[in-house]
Structures are given as C-alpha cells and as structure tokens.
Amino acid sequence: MLVLAGAGSGKTRMLTHRIAHLIATGAAQRDEILAVTFTNKAAKEMRERVNQLSGYDGYRIWVATFHSTCVRILRSDIGQLGYERGFVIYDQTDSLALVKRVLRQMNLDERSHPPRGVRAELDRVKSRGLMPADVIADGTLHDERLGEIYRQYQTELRRANALDFGDLIVLTVRLFQNHPGVLESYQRRWRYILVDEYQDTNPVQYQLLRLLAAQHRNLCVVGDEDQSIYRFREADIRNILDFEKDYPGAAVVRLERNYRSTQQILDAATAVVSNNTERKGKKLVANQSGGDPIRFFEAADDRAEASYVIRELLRLRDRGQPLSESAIFYRTHAQSRPFEEELRNYDVDYTMVGGTRFYDRAEIKDALAYLRILRNPNDTESLRRIINSPVRGIGKTTVERLLMIGEQHELSLYRASELAIERGMLRGAAAKRVPEFFAMMDALRDDAPASVAQCLAQVLDRSGTLRALEREGSIEAEGRQANLQELLVAAEEFERDNESLDEDHGEERNLLDLFLESITLYSELDDYDETRDRIALMTVHVAKGLEFQTVFLVGVEEGLFPHFASLNDPAAIEEERRLCYVGMTRAKSGLHITNASMRRMHGSVRYNAPSRFLAEIPEEFGVGREQRRNYARGPGFGTARPRPAPTSTPGAAGEPTIDYSEAQYAPDDGPSSGSRVEHPVFGAGTIMQVVGSGQNTKLRIRFDRAGLKTIVLRYAQLRLLA
DNA sequence: TATGACATCGTTTTT
DNA sequence: CGATGTCATA
C-alpha cells in the first residue's frame, strides 16, 4: 500500500492506527510488526501512540530508525560477514579522521582530495549500495582513485572492527543477499512492514525493504514527494514516484485534507512547490479556512532581520501565545548567531535544536573513546584520540611511528603498540610512556565494573582526565568537567531505563554497546522537548515533522535559500523548493518570511537578492512586500539621496500596521540586486549581482543597451535611479 | 614534546 | 568567521 500523505494530513495518526488495527484484529502479533522511521524522535512518538491505542503489554513493537534496526540485526548476525559482534559505530568525525589517515597512507595530496569531500563521496557511494570494485569499474580515473580509497578505507574499518553509518545499511543488505537463511528468519519474523517518510529512502534502504518484504509483500509506505529533502544523501524521489510500478497491484491512498494550517498558508506553500516538475501533484484542502495573511519582511541586514523576528515574537507573547508555539527556521546552522544574540539581549528563553551536538564535544568524545577501547581495543581512531589525552608525553612522532608499524604488519594501533613494546622498538621517553599507558588500559579493562556509569567514572579517574582538568583550573576546564558530569548522569539514566529491557526482544545485548550506539545514533532532535516555554531555532531539515502555531522562515534569499550549491542544478533547485514547502507547511496559523539585503557571512559581507521562491508566492497571500527596492546610498554612488521617509505597511483589512522603517534602512545599506542604476558610458541598467564588499565591491550589471558588464563600484560613477 | 603564533581554507542539509 | 593545520621555539 502506498499512502500519499500531504503535509499535516495525519500521517502518523494513519500509521499508528494501522498498527493498532493489525493487532486488534489479530492479523499480526506485536512482534511481527516492523515500523521504520528516519529519526529516533519519530520512532519514539509512534511507539508511545501505539502503546496508548492498543495498550502496552510489556512486549514492544519494533518501531525504529533504519539505522538502529540494522544495528540490531548486525549485532546478532554480523559474524557471518567476518566482523565481531562488539563492533563500534563511527560517526562523521571518526570517519573523517579515518579518511585523512587513509589519504596519508596512500600518499594522496589533501589538496586534490579534500578529506571532507572524499568522505561525502564515500557516503554517497555507499548509499547507492556500491562496493569498491563497482566504483573502480565505473571507468573514469577519478572513480578509480575513489574506489581505491574506498577499498583502503574499508580495510581500515574492518581492522578496527568499526562500521560507519553507511555500513550499517549496506552490510545488512549484503548479509541478507549472501545468507538467505538469515534473510528468511527476518522475513518470517516481520510479517508486516510499515515505512514512514518513504520519499526519503535511498537506494540501499529501498533494497533492504524489498528484501524484507519479498515473501509476504505486506509493505505499507507513507510519504509525500513534495517533502523529499534528502537528495544529498542519495534519497531518491523516484522510490515513491515509482512505487506502483515496483509493487504492481498496490493500493494507493491519498490523504489530501490538512488538519494543521490555514488555507492561506497551504495555498502559498503549494504555489511554490507547484513550480516543480517531479511530483505527482495533489491539492491540499485545509480544515480551517482563512487565517492571517503571510507576513513578509525585507530587512536591511541580518541583525535587523533578527530584531524584526524577536519583536514579532514578543508581540505574540504579550498576546498570550507561549514562546514554545513559535519557531525560527533557517537554511543553515550558521544563520543562528544573530537570532541567538538578539534573544539573549531581550532575555528570551530559546533552544537550538541541532548544530553543535553535546556528544561532539572533544572531552565527551574522549571519554567515550576510552569506553570504546575497553570494549574493542582495535578501534584505532578512538585510541588515537586518547593515547595522549590527557597529555602524557606520547607525542605526534611516537604515534606516527606506531601507526607505521601497524601499517607494515597490518595491525591495529593497539596491536602494533603491543608489538613495539614487546620488541623494544621505542626509544627515549616513549619507551617508558607507551608501556605505562597500555598497562593502565589493561588494568582498566581487568577491573571494569559491569555498570556503565561506574566504568565511566573509573575511567575518568584513573586515566587522569579529571585530575588534568582540575589542575588546569580555567573556566573552560570547569565547563568540560561539568559536561563530563552530565555524561555520567546520562550513563546512570541509561542504565535505569534499560535494566528492564535486557531481554526485551529475546536477545542478550551488551549494555556498553547499547550505551555507545545509542549515543552515536542520537540526535539533538530526539530529546527536544516541545513543552518547555521557549522558542526553538532549527534548520528546515530538522523541522520536518514538527508543527508550530507561528513560524519565522528567515534568510529566504538567492544563494542561501536556494543555497549556492544548488543554483546551477535544476533538480537541486527543486529540492530547495520542497524544503521551502516543508518550512512553510509547519506553520499552523502564523507565517513570517524574511530576507536581508545584506548579511555577514564567513567574515565578509554579502548582498543577496530576495529568493525566487518569494516571487512564486502570489501577491494576495501576504503583506509586507509593497515597499521593496528602496535603497539608501552606498559607497560609490554619486548622489546622496535622502533617506526614504518611513512608510507604514498597509496591512490587510483590520490588521494593525507596523512601522519597521528603523530596521529596514540601516546606515550601511549598499547597492543591491535589482536596483536600477545609471552609468556615464553604458547608460541605464539593472544590478544583477553584487560581489564582494567595501573597496572591492563589484557589480554585475545588465545594461539596457550595452548588455551584461562587471563594474568595480569604486571607480564607476554610478548613479542610483529611483 | 608542548605550546602558541600564524596561515590557510572552505563554507548545506543528517542518520 | 572559525576550525584546523603548520611551523618555530622553548
């Protein structure tokens, strides 16, 4: 069954009721159902709702993400693929460090092979289910090289008994393909499969579902092609567009009634997304008609944009709307700064979802690395993190040397070090320090308490981590100590929550593994608490699946939303448009869309034109766009123009009008795309693009008679035409 | 080997 | 801008 569920049409409700129905009618036992989502938060919500509907009888339905489902399968059966069951999972940071090491091993220049890019490529390749040999066979020199890197990267992963995120899915698929007996056991076990957000599945995930559902064909997928926003990790919108082809005879259900937003908001969002070609097309009908018009606001710069948002937010609060009913969505995390600053200025409580993650902090990663090494000594990336942290006199040269020995003997760093100690291959201080360190690690392992929290406490103590922080005595060190305390609390909580779950699915699981993997697969969204009275800041990606009374969609500018990287790829633009649609449809009744004419990015100043998506929203759906294109003088503009008198925004009938003139015309306003200018030689023209700032500002101008020219603002005697 | 000053560089979204 | 890497120096 394919359920095409528009935004706010009750997708989760449909899924949970279907599960409850399967149980109630006796069609399936609880443990015969597999429900797959993309985020832990969605999984948790769905689990709770199912339990409410059909009563929790102590036996859980398996509702989980693709990744945690695969971890569970692999923990029990990965032996068939030559890994050990105690494998660790590498997150991006670990994976990136490994890519760098591999590039060094292969003597590849980081200039021609930027590690981050390589890592991203490996991710994509894995998402498509390709093996190193497949990549090499692809032909081009670049592919061949990438294939070699891929192969070496996998060799190192295996040596470390580590899997990256991509491996979790790829290896599960391979397990099923190469070991039909294993596949069969899961096919028998999960007789009903339900998949949320099907439009975001990538080719390997698609394969995985196909394999699992091949026998019984009880596959129910829910999705919305207009909300497919994970193309960059190879999500393939065709998976949903072609479902009926892949599963002939599938029932198709459309949910087109929206229970969330006002008609205004829906129509505006639909107007945007209907510019896409890759869609099935559906018409969303709101349950509630009318509503406030959408409010547009063009700010002079990013700070003015933030202050507009905060002022509007405070107005809502004064009218009694809790802060938690509003959210600020931006395209990239980097845009959060001015909003955070402004919120702090006004002493407004806020929460940022995503961004820098707690578990990404160095001290946390280090502490966890100790735990990983206790469980799995061959985890070279973790060992590298901690071998000299806290500082214990095992420097870069020694580590390089040990890694070299490992490479020569095809050993992990841990084993290579043991070998070096045994054969007396180290000289100087290292000859003393290295054995000391490994003796400590061995002792830690021998004395490790069964309790995760106690084990962690012991590690922090005996490794000297806490002592080093105390000795440092700085404010930063205090913060790090506090973070480690928080980690200890998290470990205790984890143990309390999981005591009863040991035998939940009839499999014994190592508690330490469970703790470590829950952290690796954890995302900040997962414990975002909507009930606390504070405004939420997040990217539009994170916002998917959430809803708010009022949404501020900010930074809606060419180059930002749609993002630079998408500008010359029509398919990528379509994805940005879907993203915009997702952002808009999170709003129940209030939607503010803003852009800034000028913003500081990466230390320099940028002038962005308003996003094309704004132009795609018909005029009648909003207010605030009437007074665009008023520009104060910028450097190089000959004639000083008086500041435009503050104009008030004509509101819709009965709407209070607001005067934003202060925010709109900051003193450092410059020339901006869309402005009409006159050049002494070329005559009149329109500014298409502004590049650079200050002395170096260059303008791309399309002159009415002379065509497209690039002009250096400082030299050209431009005059601004009103 | 540790440390701090300096240079470089690359900029999206996430399980 | 901020993170990361490199180099010189103690």
Side-chain angles (χ1 to χ4, degrees), chain A residues 36-43 64-71 89-93 95-97 100 104 110-111 114-117 119-120 123-124 126-127 163-170 197 200-202 204-205 228-235 302 329-335 337-338 353-357 360 362 388-401 428-430 433 517-526 538-545 555 559-567 569 572 575-576 578-580 582-583 599-606:
Chain A
V36 189
T37 63
F38 274 83
T39 67
N40 295 308
K41 183 175 198 286
T65 62
F66 272 103
H67 290 83
S68 48
T69 301
C70 287
V71 172
I89 303 169
Y90 277 8
D91 64 15
Q92 287 110 305
T93 313
S95 160
L96 182 65
K100 285 180 187 167
R104 279 200 177 184
E110 291 204 354
R111 280 171 140 56
R116 296 176 72 91
R119 209 204 64 78
D123 241 17
R124 281 196 288 273
K126 287 188 180 189
S127 298
L163 273 62
D164 67 12
F165 283 151
D167 282 345
L168 295 176
I169 322 273
V170 175
E197 310 275 21
D200 283 329
T201 50
N202 64 30
V204 223
Q205 289 164 335
S228 173
I229 56 172
Y230 285 105
R231 210 178 77 105
F232 66 91
R233 62 177 193 210
E234 297 291 306
D302 44 0
F329 300 160
Y330 33 72
R331 177 66 180 81
T332 68
H333 285 299
Q335 289 162 254
R337 273 270 294 277
V353 188
T356 43
R357 306 222 314 278
D360 266 347
N388 197 33
S389 166
V391 182
R392 53 171 70 88
I394 304 177
K396 207 169 58 180
T397 317
T398 305
V399 175
E400 286 294 323
R401 199 174 149 73
R433 304 274 162 77
E517 82 196 25
S518 71
I519 285 176
T520 309
L521 297 179
Y522 162 93
S523 85
E524 207 91 319
L525 173 67
D526 298 337
M538 65 191 85
T539 63
V540 187
H541 280 90
V542 174
K544 185 162 80 156
L560 201 51
F561 201 180
H563 194 268
F564 312 101
S566 307
L567 290 182
D569 178 356
E575 172 134 321
E576 297 281 323
R578 290 191 292 268
L579 195 54
C580 184
V582 167
R599 68 173 62 240
R600 275 162 237 285
M601 291 174 78
H602 313 295
S604 62
V605 173
R606 288 195 59 97

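Not measured: the values here are computed from a predicted model.
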Please determine, for the side chain of [X], which listed nucleotide ([options]) has the closest atom?
X        : options                : answer
A:Val391 : B:dA2, B:dT14, B:dT15  : B:dA2
A:Arg337 : B:dT13, C:dG2, B:dT14  : C:dG2
A:Lys100 : B:dT15, B:dT13, C:dG5  : C:dG5
A:His67  : B:dT15, B:dT14, B:dT12 : B:dT15

Mind checking if [X] touches a base, just sugar-phosphate, or nothing, with heavy atoms under 4.0 Å?
X        : value
A:Phe564 : nothing
A:Phe165 : base
A:Ser566 : nothing
A:Glu575 : nothing
A:Val542 : sugar-phosphate

For this session: Verify side chain to side chain contact (heavy atoms under 4.5 Å, CB included) between A:Phe561 and A:Leu579, making sure each step is shown before the conclusion.
Result: CA-CA 9 Å; A:Phe561 201 180; A:Leu579 195 54; 4.0 Å; yes
If the cut-off is 4.0 Å, is [X] near the phosphate of [N], judged by side-chain N/O to OP1 or OP2?
X        : N      : answer
A:Asn388 : B:dA2  : yes
A:Thr539 : B:dT14 : yes
A:Thr39  : B:dT14 : no
A:Arg116 : C:dT4  : no
A:His563 : B:dT11 : no
A:Thr397 : B:dT1  : yes

How many Å lie between [atom1] on [X] and [atom2] on [N], as a whole number?
X        : N      : atom1 : atom2 : result
A:Arg104 : C:dG5  : CZ    : P     : 9 Å
A:Lys396 : C:dA8  : NZ    : C1'   : 12 Å
A:Arg600 : C:dG2  : CZ    : C1'   : 16 Å
A:Phe561 : B:dT13 : CZ    : P     : 12 Å
A:Met601 : C:dG2  : CE    : P     : 14 Å
A:Arg578 : B:dT13 : CZ    : P     : 18 Å
A:Arg119 : C:dT4  : CZ    : P     : 14 Å
A:Asp123 : B:dT12 : CG    : C1'   : 14 Å

* Asked: Do NZ/NE/NH1/NH2 and the carboxylate oxygens of A:Glu234 and A:Lys126 come within less than 4.0 Å?
  ->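 Salt bridge flag = no for A:Lys126 with A:Glu234.
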Quiz prompt | Lys/Arg N to Asp/Glu carboxylate O, A:Arg104 vs A:Glu400, below 4.0 Å | solution =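 Here A:Arg104 pairs with A:Glu400 in a salt bridge, since their nearest N and O are under 4.0 Å apart.
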Q) Any donor-acceptor pair under 3.5 Å joining the side chain of A:Arg331 to the base of B:dT13? A)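 Yes, a donor-acceptor pair under 3.5 Å.
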Q.
Using heavy-atom distances to pick each residue's nearest nucleotide on DNA chain B, tell me which of A:Arg392 and A:Thr65 is more 5'.
A.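 The residue closer to the strand's 5' end, by nearest nucleotide, is A:Arg392.
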**Study point:** Along DNA chain B (nearest heavy atom to each residue), the more 5'-positioned of A:Gly166 and A:Pro114
**Key:**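 Per heavy-atom nearest nucleotide, the more 5' residue is A:Pro114.
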- Item | Test log, rule side chain to side chain donor-acceptor pair (under 3.5 Å), inputs A:Gln335 and A:Thr332 | CA-CA 6 Å; A:Gln335 289 162 254; A:Thr332 68; 3.0 Å; yes
Nearest heavy atoms of [X] and [Y], plus distance in Å:
X        : Y        : result
A:Ala572 : A:Ser566 : CB-CB, 3.6 Å
A:Leu521 : A:Asn40  : O-ND2, 2.9 Å
A:Arg600 : A:Asp302 : N-OD2, 3.4 Å

Practice task
Could you give the distance separating B:dT13 and C:dT4 at their P atoms, to the nearest angstrom?
Solution key: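 These two P atoms come out 15 Å apart once rounded.
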Does the structure show A:Phe232 stacking with B:dT13, if we require the centres to be closer than 5.5 Å and the planes to be within less than 30 degrees of parallel?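 The base of B:dT13 is stacked with A:Phe232 (centres under 5.5 Å, planes under 30°).
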